[in-house]
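Heavy-atom basis, side chains included; hydrogens, waters and symmetry copies ignored.
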Amino acid sequence: LFDQELRKRQQTNYETPNTTEERQENKPDDLLERIRELARRQDALNRQQRELARNREQIEEEELKRQLERLTREQNELRQQAEQMASRMQQRQQQSQQNGQQSQQGGQQSQNGQQSQNGQSGGGSSQDGRRMREISEEMRNAATGLRRQDSQQAEESGARASERLR
């Protein structure tokens, strides 16, 4: 049994990428897919908020309260995920800047060219991180609107967050 487990672990180790470069190549696509998924979930949450606002008069107060609490929890979860993505983007940008500084210290012209390219792409990452923080703030406003039972504020903030995610 022990030998079987050991073989299984060794087999798995051979299948995983060993270099950091191979893993980093998948990260931008993974991040983009996470943003798309976040946008889909925000759209679904916006639809649920609109339906709840439309049917508010026909729903019992306890049920309304439960649904608002559920939507608030989901909105907060999406906001936390957006903040995590913003942090990752900011870390990437800082790493890009550090790599640029290291190559600049090398003193070779080809490395300096790469540094300026890294600086340009790093600026985009910084801007993307800032956008994700703004989206997170809109999500926070939507959750606040839900807590206050202000469906109009929640819907407007959620719609702005969803639009910015696209």
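- Between Asn46 and Ser162, the closest heavy-atom pair is ND2-CB, 3.5 Å.
- Heavy-atom minimum distance, Ala82 versus Met139: CB-SD, 4.0 Å.
- Salt-bridge annotation for Arg34 and Asp30: present, with a side-chain N of the basic residue lying under 4.0 Å from a carboxylate O of the acidic one.
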Requested in this report: Check the pair Gln48, Leu45 against side-chain contact (heavy atoms from CB on, under 4.5 Å), reporting the backbone distance first and the verdict last.
Outcome: CA-CA 5 Å; Gln48 292 173 10; Leu45 197 59; 4.0 Å; yes

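- Residues Leu146 and Glu74 form no side-chain contact, since every pair of their non-hydrogen atoms from C-beta on lies 4.5 Å or further apart.
- Counting only N and O atoms by type, the side chains of Gln84 and Gln80 include no donor and acceptor under 3.5 Å apart.
- The pair Arg73-Glu77 does not count as a salt bridge, with every side-chain nitrogen at least 4.0 angstrom from each carboxylate oxygen.
- To the nearest 0.5 Å, atoms CD (Gln81) and CD1 (Ile35) are separated by 12.0 Å.
- Side-chain contact check for Arg147 and Gln75: no donor-acceptor pair (N or O, by modelled atom type) lies under 3.5 Å.
- Rounded to the nearest 0.5 angstrom, Asn55 CG and Arg50 CZ are separated by 12.5 Å.
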Requested in this report: For the pair Arg40 and Glu37, evaluate salt bridge (charged side-chain N to carboxylate O under 4.0 Å, His left out) and give the outcome as yes or no after the intermediate values.
Outcome: CA-CA 5 Å; Arg40 284 190 289 271; Glu37 178 62 24; 2.9 Å; yes

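- Residue Gly158 comes nearest to Ala142 through the heavy atom pair N-CB, 3.8 Å, listed as atom of the first residue, atom of the second, then distance.
- Side-chain contact between Gln149 and Arg56 is present, with heavy atoms from C-beta onward closer than 4.5 Å.
- For the pair Met89 and Gly129, the tightest heavy-atom approach, listed with the atom from each and the gap, is SD-N, 3.7 Å.
- Closest non-hydrogen pair, Asn141 versus Ser157, comes out as CB-OG, 3.4 Å.
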Query raised in the report: Passes side-chain contact (heavy atoms from CB on, under 4.5 Å), Ile59 versus Leu52? Steps please.
Result: CA-CA 9 Å; Ile59 299 174; Leu52 186 61; 3.5 Å; yes

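- Ion pair Asp128/Arg131 flagged as a salt bridge, since at least one NZ, NE, NH1 or NH2 atom sits closer than 4.0 Å to an Asp/Glu carboxylate oxygen.
- Ion pairing of Glu137 with Arg140 is present here, as a side-chain N (NZ or NE/NH1/NH2) and a carboxylate O approach within less than 4.0 Å.
- The closest side-chain heavy-atom distance from Arg36 to Glu33 is below 4.5 Å.
- Considering only residues two or more places apart in sequence or on other chains, Arg66 meets the salt bridge (charged side-chain N to carboxylate O under 4.0 Å, His left out) condition with Glu63.
- Under 4.0 Å is where a charged nitrogen must lie from a carboxylate oxygen, and between Arg54 and Glu51 no such pair does.
- Annotation: Glu61, atom CD; neighbour count of heavy atoms from other residues, nucleotides and ligands within 6.0 Å does not exceed 12.
- Checking each of Gln152, Gln153, Arg160 against Glu156 for a side-chain hydrogen bond (donor to acceptor under 3.5 Å, both in side chains) leaves exactly one that passes, namely Gln152.
- Leu31 places a side-chain heavy atom less than 4.5 Å from the side chain of Arg92.
- Judged by distance alone, the side chains of Ser136 and Arg133 never bring a donor and an acceptor atom under 3.5 Å apart.
- Residues forming a salt bridge (charged side-chain N to carboxylate O under 4.0 Å, His left out) with Arg79 (at least two apart in sequence, or on another chain): Glu83.
- Two residues are said to be in side-chain contact when any heavy atoms from C-beta on lie closer than 4.5 Å; Glu134 and Glu138 fail this criterion.
- The structure places CD of Glu163 at 9.0 Å from CG of Asp43, a figure rounded to the nearest 0.5 Å.
- When all heavy atoms of Ala143 and Thr72 are compared, the pair lying nearest together is O-CG2, 4.0 Å.
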